[in-house]
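Remarks on the structure that follows.
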Number of protein chains: 2
Amino acid sequence: MNPKDMKYRELFSVSLELFALFGYKKTTVQDVADRLGMTKGNLYFYVKNKQDLYLKTITHALSSWRDSVKQAVDRENDPVDKFRTMALKSVDYIENNTMLRQILMKDPSIFTLSPSEDRFYDINQSAMTIIQEILNQGIGEKRFYPVDVEHVTQYFFSIYVMFLIKTYVKSDTSSSRTMFLEALELNIRGLLLTHGVTPA
Amino acid sequence: MNPKDMKYRELFSVSLELFALFGYKKTTVQDVADRLGMTKGNLYFYVKNKQDLYLKTITHALSSWRDSVKQAVDRENDPVDKFRTMALKSVDYIENNTMLRQILMKDPSIFTLSPSEDRFYDINQSAMTIIQEILNQGIGEKRFYPVDVEHVTQYFFSIYVMFLIKTYVKSDTSSSRTMFLEALELNIRGLLLTHGVTPA
DNA sequence: TATTGAACAAATCGTTAAATAGTTCAGAGA
DNA sequence: TCTCTGAACTATTTAACGATTTGTTCAATA
């Protein structure tokens, strides 16, 4: 890894921590520069402005999240297993990433139900392809009902965002875990082309 | 109907219109009193304060919505028909109620994904019983999978709120209609105890 | 290419006074 | 007794002000 990439990694790591701790407004570029042992002027050699620093930092964190889920999904073969793994790994990742969780709580607009005002549209779009590929595989293998892939992908992504909002923006931790698992199985049954009569 | 109830109906009607037109902040107590042909002082004979006027007005509007859906559901017998009617009637009602729609757009906090900060908790709770009764009937008649009724009810209500936010708070009208219909059928398949292999 | 530090610009904050809007209440019809 | 008025009162919002903090630029430098 070249030295500039190293600098960026350090930069994103430091600013993620500060943004998680103080939020966007309370974190000054001076704070970030201090922690990096440089002057704030020099920070502008790496990013356009404070907003750009924030966007790049969050995007970097969301990409790691996506990659982690994608990796777990790729270890499975069966589309149902992939679907379940995707859902569970997504939750597991955020559950074990305190800083990202804190940032979501401090900045609810990171997860919006409106694609048109989504500042992280590209990374979210790429997260949606994970869903899309699983649906296509499941339908191709005649395991899944031939749903409208585009709209059902959007729907599942919206549900995922809804859960994140419910659980981490509003902290409705109590029942949302059980609700999540019930919903997962309900959606899997809704996807399957046939399913037997085997209640849990 | 006694004259005081009449006054209340008129009051809610007038203030719903004004709140829809100008929003909470821009609507003054004076405005409402003027439209009712009374002084603002006298308004305090009917409501505790401005906030109370707003809450009572919205609650009244949401109750009408609920009642309309409940009535439509009660005309059906089959739990699947009831479920589908509930979903479609809910959308149909808001689609044809411009003032309520305008209020939702002006005050996004009316529909929250967090029960604990829901100012209209009671009326929303009573709306949830419609879902709950359908689920109980479906399971009782061995048509529905024996899901965890409480959590699945919460889940469906959350999806309903999510759609309202997507469609009316963020105005993402474009794809959300198709998404809604796809989701409806997916959820019905997820509920059914068995379903045949009959893709649309 | 990467960095500094000073200079500059933009945004925020704390305070103030004036205007507006919300609320109370004694008293007056019906 | 129930409904209402209108004036008095209180609370909130708005605009303006300078002071301060913070974000951004850039010529000089290693």
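In this text the structure is predicted, and so the values were computed from the model without any measurement. Excluded from the calculations below are hydrogen atoms, water molecules and symmetry mates; all remaining heavy atoms, backbone and side chain alike, are included. Letters go in sequence order (proteins before strands), and every chain restarts at 1.
- B:N49 comes within 4.0 angstrom of sugar-phosphate atoms only, judged by non-hydrogen atoms across all strands, and of no base.
- Remark on DNA chain C: of its neighbouring residues A:T39 and B:Q51, the 5'-side contact belongs to A:T39, judged by nearest-heavy-atom nucleotide.
- Contact check on A:D52 versus A:K56 returns a salt bridge, with a Lys/Arg side-chain nitrogen under 4.0 Å from an Asp/Glu carboxylate oxygen.
- Residues B:A33 and B:L43 come closest through the heavy atom pair N-CD2, 4.3 Å.
- A cation-pi contact, defined as under 6.0 Å to the ring centre and within 45° of the axis, links A:K50 to A:Y24.
- Between B:F111 and B:F120, the distance from one ring center to the other does not fall under 6.0 angstrom.
- Put simply, NZ on B:K26 is 13 Å from C1' on C:dA21, counting in whole angstrom units.
- Heavy atoms only, all atoms of each residue included: A:L113 and A:S158 are closest at CD2-O, 3.9 Å.
- For the pair A:K25 and A:Y46, nearest-nucleotide mapping onto DNA chain C gives the more 5' position to A:Y46.
- Shortest non-hydrogen contact noted between B:G190 and B:Y145 is O-CB, 4.5 Å.
- Rounding to whole angstrom units, OH of residue B:Y44 and C1' of C:dA21 are separated by 9 Å.
- Residue contacts for B:K7: at a heavy-atom cut-off of 4.0 Å it reaches the sugar-phosphate backbone alone, with no base atom in range.
- First and last contacting nucleotides of DNA chain D toward chain B (any atom under 4.0 angstrom from a heavy atom, 5' to 3' order): D:dT3 to D:dT14.
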